[in-house]
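These values consider heavy atoms only, across backbone and side chains, with no hydrogens, waters or symmetry-generated copies. By convention in this document, chain letters (A, B, ...) are assigned in the order of the sequence lines, proteins followed by strands, and residues within each chain are numbered from 1.
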Amino acid sequence: MPELPEVETVARGLRQTIPGRRILAVRLGKTDFIDDPAALELHLPGRRIESVERFGKFMLLRLSSSALNDSTQENGEGAAALLVHLGMTGHLAPQAAAEPHQKHTHVWLELDDGRELRYTDPRRFGRIAYLAGAALRDELLRFGAEPLEIGAEEFAGRIRSRSARIKALLLDQSVLRGVGNIYADESLWRAKIHPARQGSSLSVKEAETLRRMLQEILRHAIAMRGSSITNFLDAAGEPGEYQRRHRAYGREGEPCYRCRTPIRRIIVAGRSTHFCPNCQAKTRPKKARSARRIQKKKAKRGRG
DNA sequence: CGTTGAACCTGTTTGC
DNA sequence: TGCAAACAGGTTCAAC
């Protein structure tokens, strides 16, 4: 379920009721997706969750500086946080402790208000890590720019300096943090850029169009609480609505909304990639444009 | 530095 | 209906 808009939706839901709560105890099931399970059991009990932030596709639960009875143990560690990545099938939501848990629930954080913050993830492609101080800072430094905040110059620089395919670059979390398969395809469709083109082949203008389309789509998707392809639900149990706005993703064989050409599905960067073979030409569409320009020039000359 | 393919794991959909 | 294959919103790593 989780690209930037879906993670943002979950984070906003958690923000309603989680900040200020203290973690009393930790219970773990399967732990192969947790960086250091023992660190959770050691460091979380007693900590208060100060805030819930989104960082790319991660949720960052900022933790109070130290446990209640444990003021000296972590001197110098600095800011601490629990990083939660939902992978493909992860869910993080609070539930009354008395509520029976779902299958594939692997983490229970007992809170001080009778609820448990539970992490459920059938495929366990997600990731959970307790990090503090330099380790936290270094981990966050691995990631690229925030797609909603990046400016024109930096975006063009990060894209046009690379020979990798544009789709691969959009998915590369060290370039941009938070873009996944759906929103990569959607933004390339909107920008009329072929997903297999090299980043270095994009003009400044094309890069800027892509940045604007990407940001517009992400903002719109957040407003609609994300895309619910299978079973994504926000914190209130509501599905997102943005899947109804998809123009390329999941539309193989269906007509392009612009030109009615059937949407094609290919594999790029190892991922299903949906695009319009007519609107999103493989090479820069300069032939048609320059031909038109020449005609206009001729017409102008003729008139002048 | 970049690409490809496989791997991780389980559930659901599709096709014969 | 049944079973197997294909596919899934993500990331990482080895091999080239």
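Atom name P, nucleotides C/dG9 and B/dT14: the rounded distance is 14 Å, in whole Å. On the P atoms, C/dA5 is 16 Å away from B/dA7, given to the nearest whole Å. Going from the P atom of B/dG5 to that of C/dA6 covers 15 Å, rounded to whole Å.
Residue-to-nucleotide proximity on DNA chain B shows that, of A/Lys30 and A/Ser161, the 5′-proximal contact is made by A/Ser161. Comparing A/Arg271 and A/Arg265 along DNA chain C, the residue whose closest nucleotide (by nearest heavy atom) sits nearer the 5' end is A/Arg265.
Which of C/dG10, B/dC9, B/dT4 sits closest to the side chain of A/Arg165 comes down to B/dT4. Side chain of A/Tyr249, nearest nucleotide from B/dT3, B/dG11, C/dG9: C/dG9.
Computed from coordinates, the A/His91 NE2 to C/dG10 P distance equals 14 Å when rounded to whole Å. Taking atom CG on A/Asp185 and atom P on C/dG9, their separation rounds to 9 Å, with Å as the unit. C/dT11 atom C1' lies 16 Å from atom CZ of A/Arg124, rounded to whole Å. Here C/dC7 presents its C1' atom at 14 Å from CD1 of A/Ile182, a figure rounded to the nearest Å. In this structure, A/Phe58 atom CZ and C/dT11 atom P are separated by 8 Å, rounded to whole Å. Spacing between atom CZ of A/Phe55 and atom P of C/dT11 amounts to 13 Å, rounded to whole angstrom units. Atom CZ in A/Arg123 sits about 10 Å away from atom P in C/dA8, given to the nearest Å. Taking atom NZ of residue A/Lys103 and atom C1' of nucleotide B/dC9, one finds them 12 Å apart after rounding to whole Å.
B/dT10 is paired with C/dA8 under the Watson-Crick or G-U wobble criterion, all donor-acceptor distances under 3.5 Å.
OP1 and OP2 of C/dG9 both lie 4.0 Å or more from every side-chain N or O belonging to A/Lys57. Proximity of A/His104 to the phosphate of B/dC9: no side-chain N or O atom is located under 4.0 Å from OP1 or OP2. For A/Tyr183, no side-chain nitrogen or oxygen approaches OP1 or OP2 of C/dG9 to under 4.0 Å. For the OP1/OP2 pair of C/dC7 and a distance below 4.0 Å, the side-chain nitrogens and oxygens of A/Ser272 include no atom meeting the criterion. When the side-chain nitrogen and oxygen atoms of A/Lys167 are compared with OP1 and OP2 of B/dG2, none of them lie within a distance under 4.0 Å. Phosphate contact (OP1/OP2 of C/dG10, side-chain N/O of A/His85, threshold under 4.0 Å): absent. For C/dG10, neither phosphate oxygen OP1 nor OP2 lies less than 4.0 angstrom from any side-chain nitrogen or oxygen of A/Gln173.
The only member of A/Arg47, A/Arg21, A/Arg48 that meets salt bridge (Lys or Arg N to Asp or Glu O under 4.0 Å) when paired with A/Asp112 is A/Arg21.
A/Arg124 forms no cation-pi arrangement with A/Phe33, by the criterion of a distance under 6.0 Å to the ring centre and an angle within 45° of the ring axis.
Minimum interatomic distance between A/Ile266 and A/His194 (heavy atoms only, all atoms of both residues): CD1-CE1, 4.4 Å. Nearest heavy atoms, A/Pro19 versus A/Leu14: CD-O, 3.6 Å. Between A/Met88 and A/Pro2, the closest heavy-atom pair is O-CD, 3.9 Å. Minimum heavy-atom separation, A/Leu63 to A/Tyr130: CD1-CE1, 3.7 Å.
For A/Asp121, the salt bridge (charged side-chain N to carboxylate O under 4.0 Å, His left out) criterion is met by no residue, not counting sequence neighbours.
For C/dT11, the base is not stacked against the aromatic ring of A/Phe125, per a cut-off of 5.5 Å between centres and 30° between planes.
Residue-level contact check: A/Gly270 touches neither bases nor backbone, having no heavy atom under 4.0 Å from any strand.
The aromatic rings of A/His246 and A/Tyr249 sit perpendicular to each other, their planes meeting at more than 60°, with 30° as the lower class boundary.
From A/His43, atom NE2 reaches atom CD1 of A/Ile23 across 12.5 Å, with rounding to the nearest 0.5 Å.
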Using the 3.5 Å cut-off, write out each protein N or O paired with an N or O of nucleotides 12-16 of chain C and the distance between them.
from: C/dT12; atom 1: OP1; to: A/Arg142; atom 2: NH2; distance (Å): 3.1

